[in-house]
2 protein chains.
Amino acid sequence: MTDPLSPIFAALADPTRRTILGMLLEDDMAVTDVAEPFQMSLAAISKHLQVLAEAGLISREKRGRVIWCKLEPDALKAASVWMQGFGQFEPVDLDALERFLAVELQDGEG
Amino acid sequence: MTDPLSPIFAALADPTRRTILGMLLEDDMAVTDVAEPFQMSLAAISKHLQVLAEAGLISREKRGRVIWCKLEPDALKAASVWMQGFGQFEPVDLDALERFLAVELQDGEG
DNA sequence: GACATATTCAACCATCCGGTTGACGATGCC
DNA sequence: GGCATCGTCAACCGGATGGTTGAATATGTC
């Protein structure tokens, strides 16, 4: 499953994770601070951040004992581009589109 | 859980379902015809169509004994709008996408 | 060294998901 | 009526998901 879009959409399918993305839109945050407004355990939030990171939607950088989470817009952009293929364009070869997006994503990462 | 976005993203998280949406972009299709190119049972495709319908991404209309599936772009638009809330990247790589689509459309069908 | 904080790991649990198969209700055709 | 076709339903299965708790690993502070 090297398809990049599936984990992105799967990550976006959870409202907690979408809320987290919204929080990270304002600023980078430590894991503990991300977890603070939620009524669930820190471990649960940590797992959500793991899902977001594996989808490429965020990155995590450890500085000292704190792990900073940062929004990575490229993955969202990939999903957005895919959807625009539906909104505005005529029939498209989706497999080719996904190959295109895969290249796009690789492009973004160092 | 009346949140409309979660089922939409969850539906998009499966590559089979995304492919189905791509097929329906060209034209409305009967369930059997949707299932034809896939290496899985008709019942499995029927379930996928159920998921897409519950997310609002398609509608199904019974005419005779055939059920016609139709793309409903509004749901996709809702998800797209949500993502644009994130969009500093909003003017997606439309240039690249258009170049891609131009090649695609020439290459593919007439 | 001792202790507190930040985060993950591991085990566990209930539920959901994607697939199968076989039976079933509707519909169209002869 | 009898039969094939269209599509879903129901039961089942293995694996993923979302949550819990408690222990473990780093790191910072005194």
Side-chain angles (χ1 to χ4, degrees), chain A residues 1-24 27-71 75 94, chain B residues 1-24 27-71:
Chain A
M1 204 184 308
T2 47
D3 149 36
L5 282 177
S6 295
I8 293 173
F9 283 124
L12 295 178
D14 186 282
T16 299
R17 288 194 290 261
R18 290 200 306 276
T19 302
I20 290 175
L21 290 178
M23 293 161 59
L24 293 178
D27 211 346
D28 300 358
M29 293 179 78
V31 174
T32 304
D33 294 333
V34 170
E36 195 268 335
F38 295 97
Q39 297 296 100
M40 73 180 69
S41 68
L42 182 63
I45 295 294
S46 178
K47 280 194 197 177
H48 280 305
L49 292 169
Q50 181 74 22
V51 172
L52 289 169
E54 277 168 3
L57 287 162
I58 68 169
S59 61
R60 288 173 297 175
E61 182 194 352
K62 185 167 186 175
R63 285 206 296 272
R65 65 180 162 175
V66 174
I67 292 182
W68 293 92
C69 303
K70 178 171 173 295
L71 193 65
L94 284 185
Chain B
M1 209 180 307
T2 48
D3 149 37
L5 282 178
S6 296
I8 293 173
F9 283 125
L12 294 177
D14 187 281
T16 299
R17 288 193 290 260
R18 291 199 305 277
T19 302
I20 291 174
L21 290 179
M23 293 161 60
L24 293 179
D27 210 347
D28 300 358
M29 294 179 78
V31 174
T32 304
D33 295 332
V34 170
E36 194 268 336
F38 295 97
Q39 298 296 100
M40 73 180 70
S41 69
L42 180 63
I45 295 295
S46 178
K47 280 196 200 176
H48 280 306
L49 292 170
Q50 182 74 23
V51 172
L52 289 169
E54 277 169 2
L57 287 161
I58 68 169
S59 59
R60 288 174 297 177
E61 182 194 352
K62 186 167 184 174
R63 285 207 296 273
R65 65 180 163 176
V66 173
I67 292 182
W68 293 91
C69 303
K70 179 171 175 294
L71 193 65

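Reckoned from all heavy atoms, side chains included, excluding hydrogens, waters and symmetry mates. Every chain is numbered from 1, with letters handed out A, B, ... down the list of sequences.
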(request) Return the minimal non-hydrogen interatomic distance between K62(B) and R65(B), and the atom names on each side. (result) CE-CA, 4.5 Å
(request) Quick one: label R17(B) by what it contacts on the DNA or RNA (base, sugar-phosphate, nothing), any heavy atom closer than 4.0 Å. (result) sugar-phosphate
Identify every side-chain donor-acceptor pair in residues 50-60 of chain B under 3.5 Å, counting partners at least two apart or on other chains, and give the distances.
| residue | atom | partner | partner atom | Å |
| --- | --- | --- | --- | --- |
| Q50(B) | OE1 | R60(B) | NH1 | 3.3 |
| Q50(B) | OE1 | R60(B) | NH2 | 2.9 |
| Q50(B) | NE2 | E54(B) | OE2 | 2.9 |
| S59(B) | OG | E72(B) | OE2 | 2.9 |

(request) Would you give a per-nucleotide map of nucleotides 4-11 of chain D, 5' to 3', where B means the base has a protein non-hydrogen atom under 4.0 Å away, S means only the sugar-phosphate does, and - means neither? (result) BBSBBB-B
Spacing between [X] atom [atom1] and [N] atom [atom2], to the nearest angstrom:
X: M40(A); N: dT7(C); atom1: CE; atom2: P; value: 17 Å
X: L12(B); N: dG18(C); atom1: CG; atom2: C1'; value: 17 Å
X: R63(B); N: dG28(C); atom1: CZ; atom2: P; value: 12 Å
X: F9(A); N: dG18(C); atom1: CZ; atom2: P; value: 15 Å
X: H48(A); N: dT7(C); atom1: NE2; atom2: P; value: 16 Å
X: D14(A); N: dA16(D); atom1: CG; atom2: P; value: 18 Å
X: K62(A); N: dT27(D); atom1: NZ; atom2: C1'; value: 7 Å

(request) Considering only NZ, NE, NH1 and NH2 on the basic side and carboxylate oxygens on the acidic side, decide whether D14(B) and K47(B) come within less than 4.0 Å. (result) no
(message) If the threshold is 4.0 Å, N to carboxylate O, is there a salt bridge linking R18(B) and D3(A)?
(response) yes
(request) Find which nucleotide of DNA chain D each of G64(A) and A10(A) is nearest to by heavy atoms, and output the residue with the more 5' nucleotide. (result) A10(A)
Between side-chain atoms of residues 34-43 of chain A and protein atoms elsewhere (two or more places apart, or another chain), which donor-acceptor pairs fall under 3.5 Å?
| residue | atom | partner | partner atom | Å |
| --- | --- | --- | --- | --- |
| S41(A) | OG | A44(A) | N | 3.1 |

(request) Output yes when at least one side-chain N/O atom of S41(B) is less than 4.0 Å from OP1 or OP2 of dG19(C), else no. (result) no
(request) Identify which one of V31(B), L21(B), D28(B) satisfies the side-chain contact (heavy atoms from CB on, under 4.5 Å) criterion when paired with C69(B). (result) V31(B)
